[in-house]
Amino acid sequence: MNIILIGPPGAGKGTQASKLEDERGMIQLSTGDMLRAAVAAETEVGLKAKAVMERGELVSDEIVTGILSDRLDEDDVQDGFILDGYPRTPAQAHALDALLAEKGMPLDYVIELVVDEAALVERITGRFTCADCGEGFHDTFKRPKVEGVCDVCGSKNFKRRADDNAETVKQRLEEYRKKTAPIIPHYEPQGIVRRVDGMASIEVVSDAIEAILDGE
Ligand code: AMP
């Protein structure tokens with residue numbers, strides 16, 4: 001099964017995608033993670049993307065579609081993927097249609113995580129991850145059980161995203177409102193759009209997504 005998770009930054013797309021990876025063996029395709037890896041590795045794409053990402057703006061459609069297209073050719077995604085953070089513009093939605101048609105991959109659902117924007121700044125500015133295993137935490141909502149120690153792997157190294165600050169978050173929300181939200185109607189005629197209340201707890205959101213995937 002191949003799906004898109006769509007919603008503003010902080011809606012919980014990454015959290016839900018990694019749950020689906022654990023529970024269903026689907027593969028999370030986060031263009032943000034791919035770009036952050038390129039920035040860290042200082043590749044040509046990374047060097048181009050770094051400043052744009054730090055401003056909270058969108059990287060060019062050509063660059064992002066190029067890295068996604070290469071990723072879709074790898075073996076592990078053939079049994080099912082979750083797009084997290086792509087498509088983000090009308091041009092990307094059209095490019096994705098063409099890519100999936102060319103690669104013979106169906107799109108089963110577009111699941112929108114509906115959230116209250118007022119809550120997003122707190123959600124985003126408080127989040128951090130284990131630098132070693134990638135487990136996600138939050139200053140208010142999910143502190144490590146032992147202060148300063150990762151619950152999953154015991155690491156004491158944590159990191160925060162460079163763009164998870166209040167000012168950049170406002171720009172990222174603006175980009176979502178202007179460029180990403182308008183692509184949802186693109187998928188309506190196919191009858192594959194579903195909406196989930198993203199303000200509910202992680203478990204309740206996850207159950208709602210599972211029910212959609214199970215056709216309930
Ligand atoms: P995310 O991890 O999805 O919040 O993405 C972090 C940043 O990476 C965004 O603010 C953009 O600068 C860039 N980015 C990620 N995915 C895309 C995309 N599909 N199109 C353009 N820029 C993207």
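Atoms within each ligand, like the ligands themselves, are counted from 1 in listed order.
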**Asked** Should Met1 and Tyr109 count as side-chain neighbours, where that means a heavy-atom distance under 4.5 Å?
**Response** yes
**Fill in**
Atoms of ligand 1 under 4.0 Å from any heavy atom of Leu35, numbered from 1 in the order shown, are 8 (O), 13 (C), 14 (N), 15 (C), 23 (C)
**Prompt:** Would Asp214 and Arg24 pass as an ion pair if we require N to O under 4.0 Å?
**Reply:** yes
**Asked** What protein heavy atom sits nearest atom 8 (O) of ligand 1, and how far away is it?
**Response** Met53 CE, 3.4 Å
**Message:** Below 4.0 Å, non-hydrogen atoms only: which portion of Val59 touches ligand 1? Side chain, backbone, both or neither.
**Reply:** both
**Request:** For ligand 1, find out whether one of its N or O atoms is nearer than 3.5 Å to an N or O atom of Arg88.
**Result:** yes
**Prompt:** Near Gln92, which atoms of ligand 1 are under 4.0 Å from a heavy atom of that residue?
**Reply:** 18 (C), 19 (N), 20 (N), 21 (C)
**Asked** Any luck finding a side-chain donor-acceptor pair between Asp164 and Thr125 under 3.5 Å?
**Response** no
**Under 3.5 Å: N/O of Asp84 near N/O of ligand 1** = no
**Item:** Where ligand 1 meets Glu57 - atom numbers and elements under 4.0 angstrom, heavy-atom basis
**Value:** 10 (O), 11 (C), 12 (O)
**Prompt:** Salt-bridged, Arg177 to Glu117, with N to O below 4.0 Å?
**Reply:** yes
**Request:** Determine, for Lys19 against Asp22, whether the closest basic-nitrogen to carboxylate-oxygen distance falls under 4.0 angstrom.
**Result:** no
**Message:** With no hydrogens and no angle check, just 3.5 Å: does a side-chain donor-acceptor pair link Tyr86 and Thr65?
**Reply:** yes
**Asked** So is Ser30 polar-close to ligand 1, meaning N/O to N/O under 3.5 Å?
**Response** no
**Item:** Under-4.0 Å heavy-atom contact with ligand 1, by part of Asp33 that carries it
**Value:** neither
**Message:** Between Lys178 and Glu174 (salt bridge meaning N to carboxylate O under 4.0 Å), is one present in this structure?
**Reply:** yes
**Fill in**
ligand 1 atoms nearer than 4.0 angstrom to some heavy atom of Gly85 are 16 (N), 17 (C), 18 (C), 19 (N)
**Lys13, portion touching ligand 1 at heavy-atom distance under 4.0 Å** = neither
**Prompt:** Within a reach of under 6.0 Å around CD of Glu44, are more than 12 heavy atoms found that belong to other residues, nucleotides or ligands?
**Reply:** no
**Request:** Select one of side chain, backbone, both or neither to describe which atoms of Arg161 lie under 4.0 Å from any atom of ligand 1, heavy atoms only.
**Result:** side chain
**Asked** Would you call Arg55 a ligand 1 contact, heavy-atom distance under 4.0 Å?
**Response** no
**Message:** Could you identify the single nearest non-hydrogen protein atom to atom 16 (N) of ligand 1 and state the distance to 0.1 Å?
**Reply:** Thr31 OG1, 2.8 Å
**Sidechain N-carboxylate O distance under 4.0 Å for Asp116, Arg123** = no
**Asked** Where does Val64 meet ligand 1, judged by heavy-atom distances below 4.0 Å: at the side chain, the backbone, both, or neither?
**Response** side chain
**Prompt:** Which atoms of ligand 1 have any heavy atom of Arg172 under 4.0 Å away?
**Reply:** 4 (O), 10 (O)
**Request:** Please determine if Glu175 and Arg172 form a salt bridge, counting it only when a charged side-chain N lies under 4.0 Å from a carboxylate O.
**Result:** no
